[in-house]
*Asks:* 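Sending over a structure as structure tokens; questions will come in a sec.
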Amino acid sequence: MRRGMASRCNVPELPEVEVTRRRIAPYLVGRRISSLHTTADSYFFLTPPKRLRGCVEGQRVQHLDRLGKYLIAVLEGDGRLVIHLGMTGQLFAAGAASVRLLSATARASLAPDEQADFQPDDHTHLHFVFDGDGPDIYLRDVRKFGKVLFVPAGQNHPRLEKLGVDALAVTPELLFSATRKRIVPIKSLLLDQSILAGVGNIYADESLFLAGVRPARRASRVTRRECARIADGLCRVLGRSIETGGSSISDYVAPDGQDGSYQDERRVYARSGEPCRVCGTPIRKIVIGQRGTHFCRTCQR
DNA sequence: ACCGCACCCTGAGCGC
DNA sequence: TGCGCTCAGGGTGCGG
């Protein structure tokens, strides 16, 4: 069966951001940023580059947290450097670069031994240099749907204030109460970051499959029992994806190879037309809230 | 409160 | 071969 573009999607949702956090933290935490290089100002920078540099240069990174799909580097003095990876954001340390970081065209022009040697390009919006030894860190984002901002100590930002509970901490009760009196499709509610932070398109579809609930169902019509199954499905699918290194992030990927192992576990996402793994019914694709939505008519009610 | 839609951006895949 | 079109996606913000 042909794999469409969607199946290769590389969008960082909660698991991918968490995997990124775990992998990058050892290279970031405890180090002092000596300089930050950026691309030109654009809507990518919620804090303009010049001010951003002034805020982080000379600062030591105290820890690296995550809330939903946001990475939050807490600096000395408790200012926070906040990063959202958007659709194509890649945060990585020099030397840990994989060929995935380059476009197909760029890859093709490189010899194999050159491919792992990353050099900043036009899409590299942040380049951190640190005091002392250790690799530089880069943030690359081809489509610039990502965001970076600095939140001074004691201040907050609407982006963070609006976020609901981190999706890993979802409970049946939380979901049940959030769905009452809501006529939006249950899938749209799962994607609402002000309710659950971190759920994106893949994991919304996958968790609804595990719960046996059709994505188009009105949220208010989802029963308490089904809410519990959705919460459970979310925990399973998010946890499993983190375990396997995220659906698309892996240490190294062969130039024409498959993505991370989670893609082999997808039950519905980007499998439209393919047989349901449980009952064999072809997976259907519809659009809900302007998002491609995948489900099994037989297994989901 | 909710829906539909436009917008930001670019690469891949397609038809011609 | 190469052009131009379409599509995908997260999040915000608009008008209805």
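In what follows, chains are A, B, ... by sequence order, proteins preceding strands, each numbered from 1. Everything numeric in this text was worked out from a predicted model, so none of it was measured.
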*Asks:* Tell me the closest heavy-atom pair linking A:Leu67 and A:Asp166, and the distance in Å.
*Replies:*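 Minimum heavy-atom contact is C-OD1, 3.9 Å.
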*Asks:* Hey, what's the ring geometry for A:Tyr70 with A:His84, parallel, tilted or perpendicular (30° and 60° as the breaks)?
*Replies:*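 Correct class here is perpendicular.
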*Asks:* Roughly, in whole Å, what's the span from CD in A:Glu161 to C1' in C:dT12?
*Replies:* 16 Å
*Asks:* Would A:Arg180 count as a cation-pi partner of A:Phe176, with NZ or CZ less than 6.0 Å from the six-membered ring centre and within 45° of the ring normal?
*Replies:* yes
*Asks:* Expressed as a whole number of angstroms, how long is the span from A:Phe44:CZ to B:dC9:P?
*Replies:* 13 Å
*Asks:* Given A:Leu208, which partner from the list A:Thr293, A:Val268, A:Ile186 fulfils the side chain to side chain contact (heavy atoms under 4.5 Å, CB included) test?
*Replies:* A:Ile186
*Asks:* Could you tell me how far apart A:Glu13 (CD) and C:dA8 (P) are, to the nearest whole angstrom?
*Replies:* 16 Å
*Asks:* Between N or O atoms, less than 3.5 Å apart, protein on one side and nucleotides 3-8 of chain B on the other: list the pairs.
*Replies:*
unit_1: B:dC8; atom_1: O3'; unit_2: A:Tyr43; atom_2: OH; d: 3.3

*Asks:* Is a side-chain donor or acceptor of A:Asp136 paired with a backbone partner of A:Val129 at a separation under 3.5 angstrom?
*Replies:* no
*Asks:* Heavy atoms from C-beta onward define the side chain here; which of B:dC2, B:dT10, C:dG11 lies closest to that of A:Arg182?
*Replies:* B:dC2
*Asks:* In terms of ring plane angle, is the pair A:His125 and A:Phe45 parallel, tilted or perpendicular, where the classes change at 30° and 60°?
*Replies:*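 Perpendicular, since the angle between the ring planes exceeds 60°.
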*Asks:* Could you give the side-chain donor-acceptor pairs of residues 227-239 of chain A under 3.5 Å, partners two or more places apart or in another chain?
*Replies:*
unit_1: A:Arg229; atom_1: NE; unit_2: A:Ala211; atom_2: O; d: 2.8
unit_1: A:Arg229; atom_1: NH2; unit_2: A:Ala211; atom_2: O; d: 2.9

*Asks:* Quick check for you: among C:dG11, C:dG10, C:dG13, whose closest atom lies nearest to any side-chain atom of A:Tyr70?
*Replies:*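 Of all the options, the side chain of A:Tyr70 is nearest to C:dG11.
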*Asks:* Grab the CG-C1' distance between A:Asp141 and C:dG11 for me, whole Å please.
*Replies:*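 Taking atom C1' of C:dG11 as the reference, CG of A:Asp141 is at 13 Å.
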*Asks:* In whole angstroms, how far is the C1' atom of C:dT12 from the CG atom of A:Leu46?
*Replies:* 11 Å
*Asks:* Send over the distance from A:Met87 CE to C:dG11 P, rounded to a whole Å.
*Replies:* 11 Å
*Asks:* Within the pair A:His84 and C:dG10, is there a side-chain N or O less than 4.0 Å away from OP1 or OP2?
*Replies:* no
*Asks:* Separation of A:Arg291 atom CZ from C:dA8 atom P, in whole Å?
*Replies:*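 Value for this atom pair: 10 Å.
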*Asks:* Taking the six-membered ring of A:Phe295 as reference, does the cationic atom of A:Arg284 (NZ for Lys, CZ for Arg) lie under 6.0 Å from its centre and within 45° of its axis?
*Replies:*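 Ring-cation test returns no.
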*Asks:* Indicate yes or no for a side-chain donor-acceptor contact from A:Arg217 to the backbone of A:Val213 under 3.5 Å, with no hydrogens or angles considered.
*Replies:*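 No, the answer is negative, given that no donor and acceptor are paired below the 3.5 Å cut-off.
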*Asks:* Pairs counted only when both distances fall under 3.5 Å, Watson-Crick or G-U: show me the 5' to 3' dot-bracket for DNA chain C, [ ] for pseudoknotted crossings and | for other-strand partners.
*Replies:* .|||||||||||||||
*Asks:* Rounded to whole angstrom units, what separation is found between the CG atom of A:Asn201 and the P atom of C:dC7?
*Replies:* 16 Å
*Asks:* Is any side-chain nitrogen or oxygen of A:His123 closer than 4.0 Å to OP1 or OP2 of B:dG11?
*Replies:* yes
*Asks:* Does a side-chain N or O of A:Gln193 approach OP1 or OP2 of C:dG11 to a distance below 4.0 Å, or not?
*Replies:*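 Answer is yes, contact under 4.0 Å.
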